[in-house]
Amino acid sequence: LDYRAMTPEQRHTLYLEQLMTKAVEYGEDPTAWHAQAKLRQVNHLIRQEPRETLEAQCTQDAHWNALYRATGDRKYLHKLESQLDRALAQDLGL
């Protein structure tokens with residue numbers, strides 16, 4: 001794909017996909033030396049986007065966990081079937 005040839009809508013969609021991918025990547029290994037700072041930045045960017053557009057990007061439990069982690073909105077917990085324990089443990093600081 002040539003980024004310069006994309007429409008603004010295609011660029012925004014690509015941005016949202018990358019945002020969710022990085023949120024999952026940095027959230028999966030928060031002990032990496034650079035992960036916490038980058039995760040904080042990604043979570044800030046997530047909170048700037050309309051939730052409906054980010055929800056449309058969620059295709060895996062890890063995406064829903066990243067969205068929950070960034071927003072703290074408990075409505076995403078029921079979508080975290082395989083990662084519910086992990087999300088709750090993160091909330092409790094375990």
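Atoms considered below: every heavy atom in the structure, side chains included; atoms not considered: hydrogens, waters and symmetry mates. Position 1 is the first residue of the sequence, and the numbers go up from there.
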Do you know which two heavy atoms are closest between [X] and [Y], and how far apart they sit?
X     : Y     : answer
Ala23 : Leu39 : O-CD1, 3.8 Å
Ile46 : Leu54 : O-CD1, 3.4 Å
Glu28 : Ala62 : OE2-CB, 4.1 Å

task = Using side chain to side chain contact (heavy atoms under 4.5 Å, CB included) as the criterion, point out the one residue from Gln57, Glu55, Met20 that pairs with His63.
result =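 Exactly one pass, corresponding to Met20.
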key: Flag, side chain of Gln10 to backbone of Thr7, donor-acceptor distance under 3.5 Å   = yes
inquiry  = I'd like to know if the side chain of Arg47 reaches the main chain of Ala70, judged simply by a donor and an acceptor atom lying under 3.5 Å from each other, with no hydrogens or angles considered.
reply    =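 A pair under 3.5 Å: yes.
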ask   = Taking the side chain as C-beta and beyond, is there a heavy-atom pair between Arg40 and Tyr26 under 4.5 Å?
value = no
inquiry  = Could you work out, with salt bridge (Lys or Arg N to Asp or Glu O under 4.0 Å) as the rule, every residue matching Arg51, not counting sequence neighbours?
reply    =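 Checked Arg51 against salt bridge (Lys or Arg N to Asp or Glu O under 4.0 Å); matches are Asp73.
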ask   = Same cluster for Tyr76 and Leu45 if Ile/Leu/Val/Met/Phe/Trp/Tyr side chains link at under 4.5 Å?
value =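 Linked within one cluster.
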Supply the atom-to-atom distance [X] [atom1] to [Y] [atom2], rounded to the nearest 0.5 angstrom.
X     : Y     : atom1 : atom2 : result
Leu19 : Gln41 : CG    : CD    : 11.5 Å
Leu77 : Trp64 : CG    : CH2   : 12.0 Å
Asp61 : Tyr68 : CG    : OH    : 14.5 Å

key: Pairs satisfying salt bridge (Lys or Arg N to Asp or Glu O under 4.0 Å), at least one member in residues 8-22, at least two apart   =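 Residue pairs passing salt bridge (Lys or Arg N to Asp or Glu O under 4.0 Å), neighbours aside: Lys22-Glu25.
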